[in-house]
Amino acid sequence: MPIERYNPADAEARWQKIWDQRGIFTTKNDDPRKKYYVLEMFPYPSGRIHMGHVRNYTMGDVVARVKRAMGFNVLHPMGWDAFGMPAENAAMERKVHPKAWTYDNIAAMKKQLKSMGLSLDWSREIATCDPAYYKHQQKMFLDFLRVGLVEREKRKVNWDPVDQTVLANEQVIDGRGWRSGALVEQREMNQWVFKITKYSQELLDALDTLDRWPEKVRLMQKNWIGRSEGLLVRFALDPKTTPNGESELEVFTTRPDTLFGAKFMALAPDHPLASAAAKNNAALAEFITACKHTGTAQELIDKADKLGFDTGMKAVHPFDPSWKIPVYVANFILMDYGTGAIFGCPAHDQRDLDFVNKYGLGNTPVVCPPDQDPKRFVITDTAYDGDGRMINSRFLDGMSIAQAKEEVARRLEEESRGNRPVAQRRVNFRLRDWGISRQRYWGCPIPVIHCAKCGVVPVPEKDLPVTLPEDVTFDRPGNPLDHHPTWKNVACPQCGGAARRETDTMDTFVDSSWYFERFTDPWITTAPTDRPMVDAWMPVNQYIGGIEHAILHLLYSRFFTRAMKATGHVGLEEPFAGLFTQGMVVHETYRRSNGEWAAPAEVKIESNGDARHATLLTTGEAIAIGAIEKMSKSKRNTVDPDDIIKEYGADVARWFMLSDSPPERDVEWTERGVQGAWRFSQRLWRLVGEAAEIAKLAPAERPDQFGPAALGLRKATHRALNRVTDDIEKLHFNVCVAHIYEFANTLNGVIGDVGSDGGTEAAPDLAWAMREAVNVLVQLFHPMMPHLAEECWAALGHDTLVAQAPWPQVERALLVEDTVTLPVQINGKKRAEATVARNAGSAEIEAAVLALDAVKKALDGKAPKKVIIVPQRIVNVVA
RNA sequence: GCGGGCGUGGCGGAAUUGGUAGACGCGCGGGAUUUAGGUUCCCGUGACGAAAGUCGUGGGGGUUCGAGCCCCUCCGCCCGCACCA
């Protein structure tokens with residue numbers, strides 16, 4: 001009977017409708033089964049999905065479908081990270097309201113996502129721009145404010161002159177705004193900050209507990225938090241040399257052992273003491289201004305010389321009152337790290353050495369490398385930062401670095417007794433508090449009111465949410481909320497007097513720092529979370545998204561969850577038990593001779609032999625095939641998922657996204673690859689049809705005995721099942737795909753054998769094994785190609801849905817063979833094989849091996865020196 | 001500069017974690033079916049060699065009966081951080 005082609009366009013829509021109508025992916029919170037929460041990073045509603053989304057959501061969907069089949073109550077929701085700049089840009093460029101633009105985009109993308117056949121619970125859909133969502137965010141802001149996790153600070157901030165907004169440190173990349181790409185400027189502004197630094201140590205320590213996170217991400221966060229241990233040392237200043245008689249200067253150092261190598265002190269250009277000194281020193285003031293103008297861009301920092309200005313101030317060495325040290329202002333000292341001041345030990349720090357060599361201050365080595373003579377050891381232009389013994393350091397001489405550090409700390413602390421401390425041990429972090437104020441319209445309003453009389457007054461909870469006004473204009477730069485004629489004018493909740501609303505909105509990373517907790521019960525109106533539910537579902541068992549969020553989103557979410565715990569909204573610290581970061585989707589680039597990029601859809605590729613060449617479809621001109629790069633609008637090397645789904649169906653797109661490359665690595669999208677996936681999907685359909693013909697002959701009852709052919713098929717079935725199950729658990733989707741191919745090939749071979757057998761009918765035992773095999777096959781590819789799987793499942797005569805079928809059980813007994821074929825090595829090279837009983841003993845195996853012709857030949861009558869036998873693995877004969 | 005990762009056929013990649021290197025796919029070559037093909041099926045495909053065989057996981061060295069995997073060293077590519085005291 002001829003089997004018709006599988007038509008994805010027809011079948012996919014049909015099955016999606018059935019899933020939808022039966023509501024099979026709607027998750028019930030009161031379902032008593034064990035819970036499993038799988039989540040992909042929710043998208044920004046840009047208007048269209050891209051291949052990266054297809055890859056991301058397909059991976060999550062495979063996990064969700066498999067876990068569901070395994071009997072878990074699976075939560076697999078979707079939502080929208082809906083606030084942000086692009087909506088305002090659209091408003092400025094196209095005169096559409098950000099809200100309308102955003103919701104239109106959501107509608108369009110939702111339709112696209114639905115066409116992918118994802119097993120999502122859409123009843124929990126969230127958009128962060130919905131007041132029903134951000135109302136709770138405002139409530140939590142006020143909670144955090146109350147417990148001191150939110151503060152208002154005058155801060156030097158990163159100002160993006162293009163977007164006209166403030167950026168967090170994490171959002172500045174190579175001195176440029178992460179979104180606009182504009183060079184960032186430094187400005188002093190009043191800012192709302194989240195006190196993430198209160199959790200520095202905890203966020204660092206807990207990284208060790210995240211054993212299902214990629215090592216790389218944990219390391220990046222560790223470096224970002226940047227813990228260092230050192231000593232806070234208070235140097236005395238000669239008050240005669242300071243502008244207002246200041247008498248001390250505090251520095252942070254991780255190398256107190258090098259104190260006797262000190263040659264200078266250096267202040268950050270914006271250090272208060274530097275500013276004070278500049279008041280009556282015009283040249284210094286000029287130097288400081290010049291420092292501030294040096295950009296923060298990478299190449300500028302690399303090229304910038306170590307520059308300094310001698311203030312004339314003198315510091316006193318803490319161990320020698322007669323030892324005076326000059327105080328400089330230097331361009332390489334950062335005000336926001338440590339105390340904004342250092343002591344410089346040039347012999348053992350390259351920057352300090354460059355500095356003294358420029359200003360002729362000299363150096364004294366105080367650590368001598370083990371292989372050097374202390375009397376002759378000198379430093380010229382390379383600082384020594386290795387291990388060694390202390391020299392030229394009075395009471396420290398001969399000590400190790402560690403001993404010297406300890407001794408310096410001990411002596412200085414002792415001196416401090418009764419007085420202000422001269423030194424304190426101190427742990428310092430690189431992590432800064434998270435500034436969340438943004439001078440933007442399309443974000444969550446910060447729920448506070450500024451009153452001239454009462455100061456900062458929180459908006460009373462009964463007045464939440466503070467909603468965004470819709471009648472705003474985008475005809476000039478800056479914050480539309482500031483320009484709004486009436487919105488900001490309110491009565492002070494405390495005194496009733498005229499007051500002004502905060503017009504800054506929150507960084508959109510706040511919105512995405514708790515959406516996963518909201519998904520556990522998005523219906524509750526009285527609180528951000530329903531405690532029993534959020535505690536039952538959290539943490540997310542498997543979170544999947546791009547590596548680009550390794551620091552920003554993932555660190556903020558870890559902080560936010562802790563802050564929510566502190567204010568009673570959740571009961572845990574770590575939101576994501578398992579994290580997987582997937583690679584990018586990349587594509588060849590095409591370039592015309594005039595330098596313009598051509599899109600894949602505009603190019604025709606031909607190959608003769610190994611050579612491939614490209615021409616432009618419209619003009620026939622030759623096109624240069626360029627590097628394989630991340631799909632991007634600027635290089636025009638994108639492929640639209642919509643086009644692929646229309647042409648090949650969602651299953652083919654999903655299958656291809658999982659094939660070939662390991663999920664954490666980049667995957668190259670190629671036309672050849674998609675066609676391979678297409679051919680395989682059609683092949684599966686035919687194969688299932690043919691197998692179904694044989695399976696029809698199967699007896700209802702499981703036969704007692706299986707002949708060799710049937711047994712062989714059953715073994716192949718359970719081996720495939722075991723491997724695929726295993727590799728899905730490890731998220732090795734590309735290996736799953738390979739195993740499914742292999743199993744399909746095996747099945748194909750068996751069908752071929754039956755068919756060639758003069759057309760006789762398959763024996764009942766083989767028919768039964770075939771029915772088992774084909775059912776397992778369909779279940780195995782169901783998570784990847786769910787529509788085709790439903791179509792096949794129905795063709796096999798089931799009146800249930802494969803999406804609701806329980807995962808098949810592996811029969812362990814079928815995984816072990818009665819006999820094993822052992823490779824036989826002679827001196828480590830494979831020379832022969834020996835087939836023995838699986839449980840054969842060493843003596844038996846050795847006898848069998850020594851009887852082999854190849855072994856006899858190699859031994860040439862002599863006894864082997866040694867025979868190594870690894871049962872069920874390998875034999876090695878040492879001649 | 002600091003930290004991390006990677007290097008396997010023409011290509012993407014497998015390899016039970018020290019035990020038959022190259023599974024599976026793509027590409028390529030050959031054959032069959034077809035009026036036709038984004039068709040299907042079969043065979044071959046690491047290199048050298050007529051064959052027996054020899055070589056082979058970036059280069060060199062080591063440990064081991066046995067190394068893609070462990071150790072040392074060198075080379076190359078990629079990613080993250082970056083004047084952090």
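Proteins come first, then strands; the chains are lettered A, B, ... in the order of their sequence lines, and each starts at number 1. These numbers come from the heavy atoms of this one structure, side chains and all, not from hydrogens, waters or symmetry mates.
Applying the side-chain contact (heavy atoms from CB on, under 4.5 Å) test to Val356(A) and every residue at least two apart in sequence or in another chain returns Lys263(A), Phe264(A), Pro346(A), Leu353(A), Leu361(A). Under the ring pair (Phe, Tyr, Trp, His ring centres under 6.0 Å) criterion, His549(A) pairs with His553(A), not counting sequence neighbours. Residues satisfying the salt bridge (Lys or Arg N to Asp or Glu O under 4.0 Å) criterion with Asp270(A), sequence neighbours excluded, are Lys156(A). A search for side-chain contact (heavy atoms from CB on, under 4.5 Å) contacts involving Ser632(A) returns Ser634(A), Lys635(A), Asn637(A), not counting sequence neighbours. In this structure Ser681(A) satisfies the side-chain contact (heavy atoms from CB on, under 4.5 Å) test together with Val652(A), Trp678(A), Met785(A), Leu788(A), sequence neighbours excluded. Partners of Arg55(A) according to the salt bridge (Lys or Arg N to Asp or Glu O under 4.0 Å) rule, which considers only residues two or more places apart in sequence or in another chain, do not exist here. Every ring pair (Phe, Tyr, Trp, His ring centres under 6.0 Å) that Phe287(A) has, sequence neighbours left out, goes to Phe309(A). Partners of Phe260(A) by ring pair (Phe, Tyr, Trp, His ring centres under 6.0 Å), not counting sequence neighbours, listed by chain and number: His317(A), Phe319(A), Phe395(A). With sequence neighbours excluded, the residues forming a side-chain contact (heavy atoms from CB on, under 4.5 Å) with Ser659(A) are Trp655(A), Val737(A), listed by chain and number.
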Point to revise | Dot-bracket notation for RNA chain B, counting Watson-Crick and G-U pairs under 3.5 Å, with | for partners on another strand | key: (((((((..(((......[....)))((((((.......))))))(((....)))..(((((..]....))))))))))))....
Review point. Using a cut-off of 4.0 Å between protein heavy atoms and nucleotide atoms, how would you tag nucleotides 39-45 of chain B 5' to 3' with B, S and -?
Key: -SSS---
Polar pairs (N or O, both sides) under 3.5 Å between protein and nucleotides 19-23 of chain B?
residue : atom : partner   : partner atom : Å
U20(B)  : O2   : Lys830(A) : NZ           : 2.9
A23(B)  : O2'  : Glu742(A) : OE2          : 3.2

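Atom CZ of Phe680(A) is separated from atom C1' of C24(B) by 10 Å (rounded to the nearest Å).
Contact annotation for Phe252(A): base contact, defined as any heavy-atom pair under 4.0 Å involving a base atom.
No hydrogens or angles were tested; on distance alone, nothing pairs the side chain of Lys865(A) with the base of C65(B) as donor and acceptor under 3.5 Å.
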